[in-house]
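Working notes, structure below.
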Amino acid sequence: MRLCKSAKLIGLQAKPFTEEKLLFMLTDGRVVGWRLFDCDGPVDFLSEVRWEEDVRLVMIHNTGSNSSPPYSAKVCPPLSTKNSHFYRPLLALGSSSGSILIVDLTTTKTIKEFTLHTSPVAGIEWVANRRIISFSNNLGGSGPIKNELYYTDINTGRYQLLRTATKDRDDVPIVGIKVSYLHQYLIVLLKDRPFELWDLKSLNIIREMPGNFPPVTTLEWSPTQNHPLKNAKFNKKGDETTILTETTTNQNDGPIREHFVFTDTDGVVYHLMVEGTVIKEGTRIPPDSQTGLINSIAWRGDLMVLGDSTGHLSFWDLKARQSRLVPTGRGAIKKLLLAPGRNTQLLLVMFNDGVEIWDCTESEVLSSIKSSKIGEVVDVDWGASDRPVIVNESGSVHIMDVNLDTAPNPVTALSLHTPIWLPFIYNQKEMMNFKIYIQHMGWQDNWDMKCPKSCTPLIWDSMLHTLKLRDKFSTLSFLERCLVTAALYGDMVEWRLWQVLAYYLDQSSPLSSAFDIIQDNQSFLKDQVKSLAIQEKCRSTYAHRQHSIHRHILLGNTDKPVQLLLEVEQDSPNFYQDCLRASLISSVSDSEVAQSTIKLVATNLIANDHLQEGCQLLCLIKKAVDACRYMQNFHWYNEAIWLAKVALSKEEYLEVMKYYIDLLVNKGSRHLGILLAISLSFFDKAAEILLATKLVTVAAPLVESCIEAGKWPESGGEIKDRVFVEYAKYMVSLNNLEVALKYCDMGGEKGRQLGEELRICSQ
């Protein structure tokens, strides 16, 4: 994958457990997914890859992002009886780069991206639920003004440029667009010029307003074509003004009459009607002396709200013919939006420094949030009747509730296309009881999947429905169920432990090289030889060559180190030293005098802080066990373990590893100590460490797996009883008496005593 200057790699993550997929995160916001493929197709597990065959990484997805700051946002029309069978809450985001993203608000995923405009997208309007109209202009840039007005079908991707360039048009930028409620008409607002009226069925311009038309500051269509009031009088502080609100009837053959209002720079409100190509003027409402320049209008039914540049909200009740002016004290109002729905009276108000939600019935603020908390707000809209959507300058989309708190929906309420398994969103006791049930099926005779007494039926059925476990778990062994359960619960530490235990109990599935020193010595040596060969091909510096020489000497090779040492350049400052080392390695003999001399020199080198060179000399004379002891004394533990696995006998190796396990436990690295104890078949030692770490939920399955495989040591009876008794007590804390009694019976004398007490208490 080639990366450009604007897209650099900032993060990489392999898929947990299986590791056959990779995710790359780039600086432009994209997330790129890759998967391993071999000659047979996609790989399911990294450990199954046959590296000697043709193995390749294939890009499987490339998710787009809103890498450019957003300029505008618009949510699709709300849910209704007409669109309920196909409705999806979609958000259209216009970016500063000219692209438009379609985001599903339910799944929060970007489902479409359209690159249409050559300048920032300044506004978007929806035409029904699958078409949008967007506009942009290069206002503020260099060169002549260029407007772009596109009509796009988001299902097919087809688009049409509506407003072509002409001499008369391109010198005036578009400042806004408004689609009528019935999606019949489009109004294009122009800067310092009267607006244009378009027919959305034919996508042709109907009329350009004359030059003496009042300048428009804001405009809003009526949400209904039928108005309940006829020749109503509007009482405003004692002044009576008539509003023309005629009732129209639905016409099957021709266009339906629709209404809109707009304000001019003097604050006058104009009411107009459109029917086909005819525009009729209704009534003009004079401005209030206390209001400033009207910036936004929200209108639904009998309620109309106006917001001005001085921060005043004017609530007009058209049915009661009353109005009230309320100051917000927040400065200029940029946008007003009434929540969708018949019975909702919520108003979303956008300011320069934040957002507020008002109750129109009481004319009071319900909630407020400032830009200092959420970032500078770019645009707002309603995702539902109680879900405001706020877009900030960083490109983040915040879906909030009416209290303006983020993340209002619990994960369990998400309407996803496929169910997701998230056990940690449930109650902790329910979650652990479910884990115990699918892990320890030995305490039940039949796989009936009935809810046990310790669980809530509703949660139990939900988890079973999500996982569909009947076919997956009924044929698995106990250890296999432990392995799969750890993967389901996302417990990487426990999953690695069960993998190691499964290998050392039955040697069925080999451990990958990622387990490093946990592998058996033969597999570890094989992987280290492969790794060393790869490092030799890639070496480019003197330090790399010295590392290869050091590894070969520890492995007991002599020919390769001599060859690498003689490759030194004659003008190198290390030429003389490397030649002497090559001569020494090639001339080592088995004579007692030579062995004693080399050991004496090695001891002196180690005493004078030349540990690496001294250990190399000891390995040349087959004294690797002494080298390991010196490395341990000087705290070179990783090197000591590496040398022990590739060079020592079994007895010497066990001695070194016992010391290292005790050291790990004392220093707090108990997980690695447990894995090493399992790799040495010290299962009782591993259980003891787990019990001391209070990981009884892991210790009990480990002991039971070893007993089932016949590998539990005879000397571990006391540890076994302690583990099962503690596990039974843990089951009691989860109110799972049935499982507790089973493990009491397996816990020796103390376990049987505890079982009798539990039976008496339960009766």
Side-chain angles (χ1 to χ4, degrees), residues 14-19 45-48 423-424 431-432 434-442 473 476-521 523-524 641 645 657-658 660-713 716 719-720 722-724 726-727 730 743:
K15 183 179 179 181
F17 310 112
T18 54
E19 298 180 327
F45 293 90
L46 181 64
S47 57
E48 297 177 354
F424 294 99
M431 176 190 68
M432 293 306 300
F434 190 78
K435 179 180 179 180
I436 291 161
Y437 182 86
I438 60 180
Q439 193 176 58
H440 302 277
M441 280 306 299
F473 276 71
L476 299 179
S477 66
F478 175 70
L479 185 55
E480 288 172 334
R481 286 199 300 272
C482 291
L483 186 63
V484 177
T485 304
L488 287 173
Y489 277 74
D491 194 336
M492 190 72 178
V493 174
E494 192 173 322
W495 182 78
R496 286 173 61 88
L497 186 145
W498 297 133
Q499 266 202 320
V500 173
L501 183 63
Y503 174 71
Y504 284 103
L505 285 181
D506 55 21
Q507 303 285 319
S508 57
S509 55
L511 295 176
S512 67
S513 58
F515 284 90
D516 199 36
I517 62 174
I518 309 301
Q519 295 175 288
D520 62 278
N521 292 356
S523 300
F524 180 79
I641 299 304
K645 293 188 74 70
M657 295 304 292
K658 286 180 181 178
Y660 188 54
I661 291 173
D662 293 337
L663 181 70
L664 289 172
V665 173
N666 293 331
K667 288 194 172 183
S669 301
R670 296 183 177 181
H671 175 63
L672 181 56
I674 293 167
L675 296 182
L676 287 174
I678 294 173
S679 70
L680 300 176
S681 297
F682 297 160
F683 302 118
D684 52 345
K685 178 70 173 178
E688 185 179 2
I689 299 172
L690 285 168
L691 195 59
T693 319
K694 297 183 179 180
L695 291 176
V696 67
T697 55
V698 182
L702 183 145
V703 174
E704 192 170 354
S705 299
C706 294
I707 294 174
E708 186 180 282
K711 298 291 184 70
W712 184 256
I719 294 296
K720 173 182 73 70
R722 287 173 53 198
V723 167
F724 285 151
E726 291 299 323
Y727 195 63
Y730 177 74
Y743 282 95

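In this text, all values refer to a predicted model and were calculated from it rather than measured experimentally. If you read the sequence from its start, that first residue is 1, and numbering goes on from there. All heavy atoms count here, side chains included; hydrogens, waters and symmetry mates do not.
Minimum heavy-atom separation, Val703 to Ala687: CG2-CB, 3.9 Å.
In this view, Phe724 and Tyr743 satisfy the ring-ring contact (aromatic ring centres under 6.0 Å, His included) rule, not counting sequence neighbours. Contacts of Trp712 classified as ring-ring contact (aromatic ring centres under 6.0 Å, His included), with partners at least two apart in sequence or in another chain: none. A search for side-chain contact (heavy atoms from CB on, under 4.5 Å) contacts involving Leu676 returns Ile517, Ile518, Met657, Tyr660, Ile661, Leu664, Leu672, Ser679, not counting sequence neighbours.
A cation-pi arrangement is not found for Lys711 relative to Phe683, the charged atom failing to lie both closer than 6.0 Å to the ring centre and inside a 45° cone about the ring normal.
Once rounded to the nearest 0.5 Å, the distance linking OG1 of Thr693 with NE2 of His671 reads 11.0 Å.
The side-chain heavy atoms of Ile674 and Leu690, taken from C-beta on, include a pair separated by under 4.5 Å. Side chains of Glu708 and Leu479 form no contact here, defined as non-hydrogen atoms less than 4.5 Å apart. Using a 4.5 Å heavy-atom threshold, the side chains of Phe515 and Gln499 count as touching.
Lys685 has a carboxylate O that lies under 4.0 Å from a charged side-chain N of Asp662, or vice versa, which qualifies the two as a salt bridge.
Screening Asp491, Leu483, Val484, Thr485 for a side-chain contact (heavy atoms from CB on, under 4.5 Å) with Trp498, the sole residue that qualifies is Leu483.
A distance-only check finds no donor-acceptor pair linking the side chain of Tyr730 to the backbone of Val696 [under 3.5 Å].
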